[in-house]
2 protein chains.
Amino acid sequence: MKKKGTPPTVSEVARAANVGTTTVSRVINGGERVSPKTLAHVQRVIDAMGYRPNQAARVLKGHRTKTIGLVIPSIADPFFSSCAEAAQAVAQANDSLLIVTASHNDPHSELENLNILISHRVDGLIVAPANSQSEGLRELLKSLSLPVIAVDRPVADALVPSVVSDNFKGARFGTQHLIEHGYKRIVCLTGESTLFTIHERMRGYRAAMESAGRAATLNTSVKDYRSAEYAIQSMLSGPNPPDALFTLKNSTTIYAFEVLQKLNVSIPKTIALLGFDDFELASTVRPSISVIQQPVEEIGRVAAELLFEQLLGIRSVTTQSKVKRARLVTLETRLIQRNSCGCSPSN
Amino acid sequence: MKKKGTPPTVSEVARAANVGTTTVSRVINGGERVSPKTLAHVQRVIDAMGYRPNQAARVLKGHRTKTIGLVIPSIADPFFSSCAEAAQAVAQANDSLLIVTASHNDPHSELENLNILISHRVDGLIVAPANSQSEGLRELLKSLSLPVIAVDRPVADALVPSVVSDNFKGARFGTQHLIEHGYKRIVCLTGESTLFTIHERMRGYRAAMESAGRAATLNTSVKDYRSAEYAIQSMLSGPNPPDALFTLKNSTTIYAFEVLQKLNVSIPKTIALLGFDDFELASTVRPSISVIQQPVEEIGRVAAELLFEQLLGIRSVTTQSKVKRARLVTLETRLIQRNSCGCSPSN
DNA sequence: AGCTGATTGGAAATCGTTTACTTGGTTTTG
DNA sequence: CAAAACCAAGTAAACGATTTCCAATCAGCT
């Protein structure tokens with residue numbers, strides 16, 4: 001075990017072992033075409049010197065960097081960190097590393113991050129685009145020669161394959177579920193948002209209401225506790241108050257829940273609550289909150305798998321068409337029935 | 001904007017711009033010693049060709065990889081993902097990328113991850129050691145020539161600088177707080193754990209109880225809802241039931257909360273609850289749960305800052321001694337008073 | 001013994017960038 | 001007016017691993 005200083009190189013190892021660099025290289029890469037005893041000897045020297053091949057040199061010779069990039073709005077966000085965890089696992093299974101950067105939903109920062117990652121010669125990229133329409137992003141993607149997968153939000157025109165959960169169907173199903181359980185006045189709440197996901201969910205809500213012959217009521221002004229309080233209070237004191245709330249994102253769900261608790265409105269007796277997207281403690285609060293759950297880790301996993309599939313099979317035309325076929329992977333959501341919408345399971 | 005194919009190189013750019021490679025290189029790196037008009041011209045060509053320098057080649061010439069590695073138990077864990085987010089931000093500010101890997105608290109996997117990162121020639125490492133004592137880790141660290149910072153859990157003998165929150169003081173303070181507010185029988189609950197953090201917290205609880213002349217009661221068997229139910233129920237039906245619970249980790253806090261709710265035990269009237277470590281919805285449940293909060297992002301931030309400090313200032317002896325002085329950075333926790341332990345703030 | 005053929009090991013080119021050293025041309029100055 | 005100083009820009013040699021080709025060795029044959 002060597003102490004400090006500059007890391008040893010192949011030739012140093014070769015000299016120490018009294019062999020050529022070729023032999024050392026072969027030992028490193030599986031030991032083909034090397035006699036068992038030299039192999040053992042060289043391996044011993046390698047271990048003794050604490051030698052580790054320099055990836056940069058390897059990459060320079062035209063090899064993979066064994067590195068993929070992930071650009072997400074925030075690392076701390078539970079949704080994206082679960083995604084990242086799953087993607088990292090797949091990367092590891094494919095002998096690769098995952099580099100994570102946060103765009104904070106800023107298209108400019110996103111572009112910068114992507115450029116840096118490309119400069120580092122990552123083998124592929126997974127991106128949750130800050131903005132599906134962003135011209136900068138689209139231009140970059142067009143000029144790119146490496147595989148890219150979008151997650152959570154597709155890029156306009158399916159420029160790259162995307163993996164998303166079925167926000168539309170999920171929201172429609174959730175709304176239908178409320179309708180079927182007899183709720184008469186179902187109001188949809190969310191923070192004002194231009195995000196693709198929220199947009200799809202609103203569409204799903206509207207579709208379900210429409211096909212049931214109901215009037216859709218959407219309130220997109222719930223940004224914080226205050227606005228939630230205002231919105232809910234005025235609805236309750238107004239004419240024709242809602243008997244069910246469908247909240248389209250976690251923060252909105254939480255605000256609504258808090259407000260209802262504070263106002264001593266009984267859930268689900270007076271008002272039912274159904275949230276889109278699950279969060280750790282939706283099951284812990286009393287009453288526990290029913291939600292439409294997204295297959296979070298699956299999104300990250302499938303995206304990474306798709307990426308490596310593309311990475312490993314660039315040769316065959318068959319693969320290309322296969323990839324072309326799957327420009328948009330839509331993963332199913334499911335309803336987690338808890339106690340907040342009058343459709344209690346066992347407990 | 002070039003279409004696809006292999007990425008352009010310096011010499012290609014040089015040829016296209018009718019200059020030497022040196023000039024191109026100079027333009028890339030700030031444009032010193034290049035006339036304004038050639039600079040502009042070369043820059044134009046670079047943009048036109050979509051040229052991006054190959055980091056691998058740059059690294060090979062002995063430069064930083066502008067890359068740091070982070071090895072944590074889990075990426076999806078809120079604590080560590082916040083850490084990661086903060087570390088990434090610092091990395092970005094230092095023009096570097098963050099590579100994240102998950103060890104799942106397995107020392108073997110941890111070692112493997114570290115080796116891979118080292119092979120990729122990361123400039124430095126941040127690790128949350130799976131096991132402070134691990135011989136493999138200690139040996140690796142000793143043989144290493146790059147800066148490493150430990151987070152959350154120090155490495156034995158302060159082999160590398162560590163950034164941790166003050167688990168001992170936090171737990172002692174929390175316990176003292178409960179004592180001061182008149183709770184007579186304060187029981188400490190946690191999952192059985194050999195983790196450094198939990199150990200420190202137990203030590204803190206014991207210290208506080210001891211110096212108050214109380215008998216410490218620790219139950220380390222709360223691993224899931226079932227075991228929590230059993231533990232709490234038997235304590236409640238036994239002689240001398242507790243009037244306060246101090247839970248040492250989030251999962252334990254949640255289980256205890258759920259069980260108390262289920263048993264219709266009033267919080268904090270019958271039993272008070274204080275948790276160690278904060279989580280998003282501790283403030284949302286009713287009653288909201290008071291906790292000892294760790295400076296989560298600060299840990300990640302300080303660790304990364306320390307790393308870059310070491311990375312940038314290897315020259316001066318002053319800096320070395322400064323680093324030596326700060327082998328263990330202990331960050332203060334604070335008590336977040338909510339409604340679960342009889343010491344309610346305003347609401 | 002000498003030849004064949006398989007097997008193992010080595011020398012050298014290569015990847016794309018940086019950088020020490022030159023070159024040629026201009027400007028300043030004694 | 002010549003010499004010194006200066007500046008932009010180019011040439012070529014690294015960096016460390018892979019890889020192609022070639023050389024050497026040795027066993028097994030005839």
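Proteins get letters first, then strands, A, B, ... in listed order; numbering begins at 1 in each. Because only heavy atoms are used, hydrogens play no part in the values below, and waters and symmetry mates are left out as well, while side chains stay in.
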Legend entry - NE2/A:H104: more than 12 non-hydrogen atoms of other groups inside 6.0 Å: yes

Legend entry - Bend angle of the helix from C:dA1-D:dT30 to C:dG30-D:dC1, from helix axes over five pairs at each end, nearest 10°: 60°

Inset, instruction - Hey, which sits more toward the 5' end of DNA chain C by its nearest nucleotide, A:P36 or A:T21? - result: A:P36

Inset, instruction - Whole angstrom is fine here: how far is it from NZ in B:K37 over to C1' in D:dA9? - result: 11 Å

Inset, instruction - Output yes when at least one side-chain N/O atom of B:T38 is less than 4.0 Å from OP1 or OP2 of D:dA9, else no. - result: yes

Legend entry - Any donor-acceptor N/O pair under 3.5 Å between D:dT11 base and B:T22 side chain: yes

Report each atom pair, protein N/O against N/O of nucleotides 14-16 of chain D, whose distance is under 3.5 angstrom.
from: D:dA14; atom 1: N3; to: B:K61; atom 2: NZ; distance (Å): 3.1
from: D:dG16; atom 1: N2; to: A:A57; atom 2: O; distance (Å): 3.4

Inset, instruction - Check whether any side-chain nitrogen or oxygen of B:S35 sits under 4.0 Å from OP1 or OP2 of D:dA8, and answer yes or no. - result: no

Legend entry - B:V127: which of B:V155, B:V151, B:N113, B:L114 passes side-chain contact (heavy atoms from CB on, under 4.5 Å): B:L114

Legend entry - Pair A:E135 + A:R138: basic N to acidic O under 4.0 Å: yes

Legend entry - Separation of D:dT18 C1' from A:R64 CZ (nearest whole Å): 16 Å

Inset, instruction - Whole angstrom is fine here: how far is it from CD1 in B:I28 over to C1' in C:dT17? - result: 8 Å

Legend entry - Worked verdict on B:T65 versus B:H120 for side-chain contact (heavy atoms from CB on, under 4.5 Å): CA-CA 9 Å; B:T65 54; B:H120 274 261; over 6 Å; no

Inset, instruction - Can you tell me the distance, in whole Å, between the NE2 atom of A:H120 and the C1' atom of C:dG16? - result: 15 Å

Legend entry - Integer-rounded Å distance: D:dA17 P and A:R15 CZ: 12 Å

Inset, instruction - Look at all strands and tell whether B:T23 reaches a base, only sugar-phosphate, or nothing, counting heavy atoms closer than 4.0 Å. - result: sugar-phosphate

Inset, instruction - Starting from P on D:dA8, measure out to CG on B:L39 and report it in whole angstrom. - result: 11 Å

Legend entry - Value in whole Å for how far the C1' atom of C:dT19 lies from CZ of B:R33: 12 Å

Legend entry - Whichever of B:R26 and A:N29 has its nearest DNA chain D nucleotide further upstream toward 5': B:R26

Legend entry - Exercise: do B:R58 and B:N29 side chains pair donor with acceptor under 3.5 Å: yes

Inset, instruction - Starting from C1' on C:dG16, measure out to CE on B:M49 and report it in whole angstrom. - result: 14 Å

